[in-house]
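In each ligand, atom 1 is the first atom listed, and ligand 1 is the first ligand listed. Any value given below was found using the heavy atoms of this structure, including those in side chains, with hydrogens, waters and symmetry copies removed.
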Amino acid sequence: MSNVPEIFGCKVFNDSIMRARLPKDIYRQLRKTREEGMPLDPHVANVVANAMKNWAVENGATHFTHWFQPMTGITAEKHDSFITPAEPGKVIMEFSGKELIKGEPDASSFPSGGLRSTFEARGYTAWDPTSDAFIKDGSLCIPTAFCSYGGEALDKKVPLLRSMNVINKQVLRILRLFGNEEVTHINTTIGPEQEYFLIDKKLFDQRKDLKYTGRTLFGAKPPKGQELEDHYFGVIKPRVSAFMKDLDEELWKLGILAKTKHNEAAPAQHELAPIFTTGNIATDHNQLTMEIMKMVASRHGLACLLHEKPFTGVNGSGKHNNWSLSTNTGVNLLEPGDSPQENAQFLLLLTAIIQAVDDHQDLLRLSVADAGNDHRLGAHEAPPAIISISLGDELTAILKSVESGKEYDHVDRRDLEIGVDVLPHFPRDTTDRNRTSPFAFTGNKFEFRMPGSSASIACPNTILNTIVADTLCQFADILEKAEDFNAALNKLIRNSIHEHKRIIFNGNNYSEEWVQEARRRGLLNLPSTADALPYYVREENVRLFEKYGVLSSTEIHSRCEISLENYCKQLQIEALTMIDMIRGDIIPAVCNYIRDLSTQACSKKQLGGLDCSLEEKLLQDLSVSSSQLYTECDQLEQITWNTERYNNSTEKSRYCRDILFRQMEKTRAIADHLETITGRKYWPFPTYGDLLFSVM
Ligand code: ADP
Ligand code: MG
């Protein structure tokens with residue numbers, strides 16, 4: 001293993017390299033841009049670009065690319081070499097400030113959800129100087145935002161950056177109310193825990209479903225799954241361990257703070273958690289992490305599955321999004337403080353988050369909605385589709401006492417005297433260990449557990465930032481006008497808790513009783529993507545995003561459209577893959593088995609009437625089931641074509657969910673039954689057992 005501090009960030013054009021390689025005044029100006037969002041002077045950009053290029057070339061790069069995150073959910077890149085013709089037959093390596101700051105990829109082949117028809121097809125990418133450039137596979141990658149020429153966001157990053165500005169502004173207003181004049185900037189911090197599966201690449205290659213859709217569309221339940229709970233935190237197997245070591249090293253070289261690795265609950269399932277960092281950087285790093293995971297896996301003869309539910313019957317994969325607010329002076333604002341004043345501020349922020357989550361359940365729900373995550377949310381090992389917050393018993397009791405104005409039992413009276421009267425000083429470490437909650441306070445941060453493992457975290461965080469900023473704005477509006485700040489603060493917190501406490505639930509979110517209870521409380525339950533996405537364009541949501549300039553009405557409509565289309569396309573691809581596998585592989589395999597069994601029965605008869613009841617019974621089941629499979633497959637094909645009849649994507653998505661998906665389930669059940677009665681050597685794909693226990 002190499003020297004970690006030495007290799008860490010060696011492929012990143014980071015602050016220390018900038019300081020070492022740039023003239024002092026240029027470095028200072030760039031730093032101002034990075035920290036305060038000041039525009040970059042063209043002269044400065046040229047000097048920076050040249051230094052970047054020299055560093056990249058010294059480190060083996062020949063190309064550069066703007067690296068961006070279009071609405072496909074994965075990253076995009078287009079590589080240009082640094083070469084420029086010099087004297088005849090010669091080239092030199094060049095890179096200008098203009099090329100650094102702005103790129104012009106053709107936007108017309110990226111999803112734009114209707115923006116294309118109304119605006120120019122051209123798009124441009126613009127450098128996000130707060131996220132460091134890095135070298136990957138011989139190219140200098142420059143993290144960029146992607147917009148249309150009309151300025152509409154065509155990517156996941158622009159709205160995220162906008163939302164970070166919005167929450168910065170509103171939190172600062174709150175801090176000023178508490179007399180804090182020192183802090184000048186607030187960042188959201190994010191630590192995304194990434195779950196994934198590792199299986200043998202040779203087996204992966206034999207499964208078209210995994211290749212085309214990321215999940216298995218067939219597969220009978222194996223004799224052993226996760227019931228013994230022997231995988232979670234278990235000893236890491238040698239091949240997996242070698243993969244993880246290699247992965248850590250690659251991530252460290254890219255300056256990614258890979259920290260924790262362990263086995264997860266399902267066989268072949270693992271997790272990697274980084275140390276948290278600033279929101280947009282965490283988002284970039286998570287995209288890179290997913291990409292590097294796949295790359296390193298293939299180096300080890302493995303396939304890394306990032307789908308939310310690669311295997312039915314064992315746990316799916318999520319991406320717990322740990323989220324907090326941090327000041328430029330290094331204070332975590334969701335860390336309960338030591339003084340009553342700090343606690344009052346903490347309680348106000350906490351109340352704002354509770355209110356925001358309650359008021360905008362629809363937005364949080366839709367921020368994690370896609371075809372993959374539909375298999376996970378509401379299944380018995382993942383958060384339900386119902387949004388609620390768990391605070392832990394202690395903090396809940398404190399909020400109750402605040403609401404009722406009664407003293408909190410465990411509090412020493414002295415703690416209540418200074419500053420804000422009814423707000424008690426409460427102990428730290430009221431950490432929650434409720435693993436079933438979709439949105440849990442875990443001591444000094446919130447953990448949003450609904451995001452899916454394959455999705456970008458940009459959208460959930462954009463929405464989280466915006467809704468919390470909106471509530472804080474309402475709070476600041478009231479408090480800034482108050483004559484008696486403490487009285488107004490107490491009243492505000494009390495009222496807010498009173499009105500929004502229905503969203504707090506510390507119990508078991510997986511239970512059926514909770515579904516009933518949530519209904520009684522009037523909480524939203526949007527079980528599928530088709531139910532959730534249309535909430536994007538509700539009038540109050542459009543108004544909210546427009547008010548803060550996070551998304552325009554056009555951008556919201558386009559995003560809603562893209563997501564609905566993606567959902568339908570994904571289901572259509574799954575259905576077509578099923579049809580292909582049934583007709584091309586499963587039916588022929590079963591026919592081979594039927595033929596061999598029939599031949600055997602015939603020869604038994606010829607031998608003088610040996611007992612053929614085994615063959616007869618088996619043949620009966622195989623014939624009936626395969627004929628049923630063939631019929632249901634035809635039906636599936638018909639339904640898949642029928643989806644094209646819908647022009648309206650909301651209606652189409654409902655059809656996909658209600659009719660297409662049901663038919664897929666029905667068809668699969670027959671195929672899975674056939675798998676259990678067909679001889680192993682006939683079955684055309686590796687089984688669940690093979691896939692889940694393939695890596696030693
Ligand atoms: P667990 O699995 O118990 O939730 P982990 O240690 O696996 O705990 O993950 C916790 C994650 O939360 C890590 O990525 C960590 O960096 C992140 N985290 C810790 N503090 C903060 C914070 N203030 N803001 C955002 N994320 C945080
Ligand atoms: Mg966690």
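- The contact set between ligand 1 and E447, taken as ligand atoms under 4.0 Å from a residue heavy atom, comprises 4 (O).
- Every residue two or more places apart in sequence or in another chain that forms a ring-ring contact (aromatic ring centres under 6.0 Å, His included) with F448 is listed here: F439.
- The shortest N or O to N or O distance between T260 and ligand 1 is not under 3.5 Å.
- Only the side chain of R435 comes within 4.0 Å of ligand 1, judged by heavy-atom distances.
- Residue contacts with ligand 1: N322 is placed with a nitrogen or oxygen under 3.5 Å of a nitrogen or oxygen of the ligand (distance criterion only).
- Considering only heavy atoms from C-beta on, N286 stays 4.5 Å or farther from I190 through its side chain.
- Close approach to P274 involves these atoms of ligand 1, each under 4.0 Å from a residue heavy atom: 13 (C), 14 (O), 15 (C), 16 (O).
- Atoms of ligand 1 lying under 4.0 Å from any heavy atom of I275, numbered from 1 in the order shown and given with element: 16 (O).
- Close contacts between ligand 1 and S324 involve ligand atoms 22 (C), 23 (N), 24 (N) [criterion: under 4.0 Å to a heavy atom].
- The salt bridge (Lys or Arg N to Asp or Glu O under 4.0 Å) check on D15 picks up R19, R31, with sequence neighbours excluded.
- Contact check on E308 versus R215 returns no salt bridge, with no Lys/Arg side-chain nitrogen under 4.0 Å from an Asp/Glu carboxylate oxygen.
- Taking a cutoff of 4.0 Å between a charged side-chain nitrogen and a carboxylate oxygen, E195 and R376 do not qualify as a salt bridge.
- When side chains are defined from C-beta on, I199 counts as touching F311, because their heavy atoms get closer than 4.5 Å.
- Electrostatic pairing of D132 and R34 counts as a salt bridge here, judged by a charged N lying under 4.0 Å from a carboxylate O.
- Counting the atoms of ligand 1 from 1 in the order shown, those under 4.0 Å from a heavy atom of E271 are 7 (O).
- When the options K445, H262, E193 are ranked by their closest heavy atom to atom 4 (O) of ligand 1, first place goes to E193.
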